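For reference, the structure is listed below as structure tokens.
Indexing begins at 1, ligand by ligand and atom by atom, following the structure's order. If you're wondering where the values come from, they're calculated on a predicted model, not measured in any experiment. When a residue number appears, it is its place in the shown sequence, counting from 1.
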Amino acid sequence: MAHKMITVISREDIARRVAELGEEITAHYHGQPLVVVCVLKGAFLFYADLVRHIRTPMEMDFVRLSSYGSGTSRGRQAVFTKDMEVDVDGKHVLLVEDIVDTGRSAEFLLHVLEKRGAASLKICSFVDKSERREVSLKVDFAGFPIQKGFIVGYGMDYAEQYRELDAVYELVPE
Ligand code: PRP
């Protein structure tokens, strides 16, 4: 099906907001060491930009999840297809997502990292799609609230396309 693409977040707005988020995160941790976790693939561009605006000692790590199960997202189970390598026991951990939608991916990660002994756990998400939330979960550092629409660009894909775009677009069927 053909789609048109409508800009919903410009490159300039992304740059401004990512810098602000970096300031908020820097102020929150005030110099404490932090493990910053990139949830692949969608967060890769946001993560790369964000870490350059956080001023605290950091360890970096990457995870990738997939979910299995049938039908709707409800009841799906998340599993690691790439687990972490850094030991989080006793450390402050910041999860970096491109989008928190139902919240199930983030909930899974919070649960696992809590069991592994993280001293604290926070979530930073470029987009917070809170109206579709299926679990009780708060995004601590949210870039942009978005209510609806299928968005691509700045890491986010449609069938693995459009991740490389430096702005965010809504895909609208023509
Ligand atoms: C997306 C996104 C989040 C998750 C959010 O990942 O990157 O990790 O979905 O959805 P949820 O809140 O409903 O769990 P996706 O599985 O599309 O993989 P990708 O990042 O590799 O595109």
Quiz item: Taking the six-membered ring for Trp, are the ring centroids of F150 and H3 within less than 6.0 Å of each other?
Solution: no
Quiz item: Any side-chain heavy atom of D98 within less than 4.5 Å of one from F46?
Solution: no
Exercise. Would you check if L50 and V36 make a side-chain contact, meaning some heavy-atom pair closer than 4.5 Å?
Key: no
Quiz item: Do any N/O atoms on G103 end up under 3.5 angstrom from N/O atoms on ligand 1?
Solution: yes
Per-atom contacts of ligand 1 with [X], taking only distances under 4.0 Å to non-hydrogen atoms:
X	result
T102	11 (P), 12 (O), 13 (O), 14 (O)
E97	2 (C), 3 (C), 7 (O), 8 (O)
D157	22 (O)
D101	10 (O), 11 (P), 12 (O), 13 (O)
K41	19 (P), 20 (O), 21 (O)
R104	12 (O), 14 (O)
D98	2 (C), 3 (C), 7 (O)

Quiz item: Do any N or O atoms from the side chain of D61 and from the backbone of E85 form a donor-acceptor pair under 3.5 angstrom?
Solution: yes
Quiz item: Checking S125 side chain against V100 main chain: does a donor-acceptor pair fall under 3.5 Å?
Solution: yes
Quiz item: Considering only heavy atoms, which of A106, S105, G42 lies nearest to atom 9 (O) of ligand 1?
Solution: S105
Quiz item: Just wondering, more than 12 heavy atoms not from R11 lying within 6.0 Å of its CZ?
Solution: no
Practice problem: Please check if atom OH in Y162 has more than 12 non-hydrogen atoms from other residues, nucleotides or ligands closer than 6.0 Å. | Solution: yes
Quiz prompt | Part of R163 with heavy atoms under 4.0 Å of ligand 1, whether side chain, backbone, both or neither | solution = side chain
Quiz item: Which bit of M156 is near ligand 1, meaning a heavy atom under 4.0 Å away: side chain, backbone, both or neither?
Solution: neither
Quiz item: So how far is it from L21 CG to F141 CZ, rounded to the nearest 0.5 Å?
Solution: 8.5 Å
Quiz item: Does K129 have a non-hydrogen atom less than 4.0 Å from ligand 1?
Solution: no
Quiz item: Should E134 be listed as contacting ligand 1, given a heavy-atom distance under 4.0 Å as the test?
Solution: no
Quiz item: Taking the six-membered ring for Trp, are F126 and Y154 parallel (under 30°), tilted (30 to 60°) or perpendicular (over 60°)?
Solution: tilted
